[in-house]
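Below is one structure, written out as structure tokens; comments come after it.
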Amino acid sequence: MAKEKYYAVAVGRSPGIYRDWATAEKQVKGFAAAKFKSFPTRAEAEAWLENPLYAKKEGAKNSSRDNGAAPPRQHDPAVIVVYTDGGCINNPGPGGYGVVIERASTRQELSGGFRHTTNNRMEMMAAIVALDELQHCGKKILLFSDSSYLVNGITKGWARKWRSRGWRKSDGQPVLNVDLWQELLELLDGVDVSFNWVRGHAGNALNERCDRLAVAAARQVGMPIDICYENGVDNHDERTL
């Protein structure tokens, strides 16, 4: 008689506990950053869902079963490291964003997308999702992005200046993506964060992981609507600052 198994799906189409692999597989197959594990008892499966981390086996090489992602690196426990990335197909087009959050020795990955949007909006959305997740965390956040548009908008004070001018640039032209800049500035009030630029596609493991998450999200079907963009707010071509 086959032994009973319980399949815990922490990240998938419908997270939960399943009694057969065929049903559980439908929740994780082809799903970006899916996280799942089998257990001999329901109690063990439920306990793992409370803190879904993969344990290393003794003598195993330094690798992770988290869909090919590198294991979290050890950080100062008072600091949270965040990597974000976003993009879209054909720009504008279907878009996605990816986020990796490393707290001490644990990792969290977030992703999502919209059916029609732009590269810059997805770069911004990645940062917004990350900072919303970390609101009032009480720790220093180091956020890394390969988007000069995003990083310069914050570190050089452009976004705050645009807001003070009624969302106009220095030449009087309207600012793009006002809805997201507003949301981002509001989120900054609840966190201690520094924005840092990192070169994209240059071998940085966490940057490349975010890119893979964003690409996978952009290719999903049935994505939600980027309401502000599709309703005619900032839906003209993106231009450099």
Side-chain angles (χ1 to χ4, degrees), residues 11-14 26-34 67-69 82-101 108-133 143-154 158-159 162 167 169 173-187 195 197-241:
V11 180
R13 294 180 179 84
S14 183
K26 293 178 181 179
Q27 314 308 318
V28 300
K29 188 174 181 179
F31 191 92
N67 275 7
V82 177
Y83 274 76
T84 67
D85 197 16
C88 71
I89 301 169
N90 297 325
N91 193 34
Y97 59 83
V99 177
V100 173
I101 300 173
Q108 180 180 11
E109 295 183 346
L110 304 168
S111 64
F114 296 89
R115 71 181 190 182
H116 191 67
T117 187
T118 69
N119 281 339
N120 282 342
R121 288 182 69 81
M122 291 300 92
E123 294 280 13
M124 296 179 69
M125 182 57 69
I128 287 170
V129 167
L131 296 183
D132 183 62
E133 181 72 15
L143 188 149
F144 296 87
S145 169
D146 60 15
S147 170
S148 297
Y149 176 75
L150 168 66
V151 174
N152 288 341
I154 299 302
W158 293 344
W162 294 334
W167 297 106
K169 294 189 286 187
Q173 294 298 311
V175 173
L176 300 182
N177 308 314
V178 172
D179 60 312
L180 298 184
W181 285 118
Q182 288 177 320
E183 188 171 0
L184 186 55
L185 290 179
E186 290 173 3
L187 287 170
F195 281 70
W197 181 81
V198 60
R199 186 178 300 280
H201 306 289
N204 184 299
L206 295 185
N207 172 259
E208 293 184 358
R209 178 60 178 166
C210 288
D211 178 70
R212 289 194 295 272
L213 290 172
V215 170
R219 291 175 175 167
Q220 293 187 75
V221 298
M223 291 190 292
I225 299 172
D226 186 346
I227 296 175
C228 286
Y229 186 77
E230 289 204 33
N231 282 356
V233 179
D234 296 335
N235 67 350
H236 37 86
D237 292 337
E238 292 185 336
R239 306 186 183 108
T240 56
L241 296 171

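- In terms of heavy-atom proximity, Gly96 sits nearest to Met122 at O-CB, 3.4 Å.
- Interatomic distance, CG of Asn119 versus OG of Ser147, reported as 9.0 Å (0.5 Å rounding).
- Across all non-hydrogen atoms, the minimal contact from Ala126 to Gly98 is CB-O, 3.9 Å.
- Between Arg209 and Tyr83, the closest side-chain pair of non-hydrogen atoms is not below 4.5 Å.
- Within the model, atoms CD of Glu230 and CD1 of Ile225 stand 5.5 Å from one another, a figure rounded to the nearest 0.5 Å.
- Residues satisfying the side chain to side chain contact (heavy atoms under 4.5 Å, CB included) test with Asp211, not counting sequence neighbours, are Asp85, His201, Val215.
- To the nearest 0.5 angstrom, Asn120 atom CG is 8.0 Å from Leu176 atom CG.
- Counted by atom type alone, Asn177 and Tyr229 present zero donor-acceptor pairs between their side chains at under 3.5 Å.
- Residues Thr118 and Pro92 approach most closely at CG2-CB, 4.1 Å, considering heavy atoms.
- In this structure Ile89 satisfies the side chain to side chain contact (heavy atoms under 4.5 Å, CB included) test together with Pro94, Ala218, Arg219, sequence neighbours excluded.
- At least one side-chain heavy atom of Ile154 sits less than 4.5 Å from a side-chain heavy atom of Trp181.
- Nearest approach of Gly112 to Ala217, heavy atoms of both residues: O-CB, 3.2 Å.
- The shortest distance between side-chain heavy atoms of Met223 and Phe114 does not fall below 4.5 Å.
- Taking CE from Met125 and CG from Asp132, the interatomic distance works out to 10.0 Å, rounded to the nearest 0.5 Å.
- In terms of modelled atom types and a separation under 3.5 Å, the side chain of Glu123 and the main chain of Gly86 share a donor-acceptor contact.
- With rounding to the nearest 0.5 Å, the separation of NZ in Lys26 from OG in Ser14 is 12.5 Å.
- No side-chain donor-acceptor contact under 3.5 Å links Asn90 to the backbone of Gly93.
- Residues satisfying the side chain to side chain contact (heavy atoms under 4.5 Å, CB included) criterion with Trp197, sequence neighbours excluded, are Ser148, Val151, Arg199.
- Heavy atoms only, all atoms of each residue included: Leu150 and Ser145 are closest at CD2-OG, 3.7 Å.
- Within the model, atoms CG of Leu187 and CD1 of Ile128 stand 6.5 Å from one another, a figure rounded to the nearest 0.5 Å.
- With sequence neighbours excluded, no residue forms a ring-ring contact (aromatic ring centres under 6.0 Å, His included) with Phe195.
- Under the side-chain hydrogen bond (donor to acceptor under 3.5 Å, both in side chains) criterion, Asp226 pairs with Thr117, Arg121, sequence neighbours left out.
- A 4.5 Å side-chain heavy-atom check between Trp158 and Asn152 finds at least one atom pair inside the cut-off.
- In this view, Ala130 and Val82, Thr84, Val99 satisfy the side chain to side chain contact (heavy atoms under 4.5 Å, CB included) rule, not counting sequence neighbours.
- In this structure, the side chains of Asp179 and Ile227 stay at 4.5 Å or more apart for every pair of heavy atoms.
- For Gln220 (side chain) and Gly113 (main-chain N/O), no donor-acceptor pair under 3.5 Å exists by modelled atom type.
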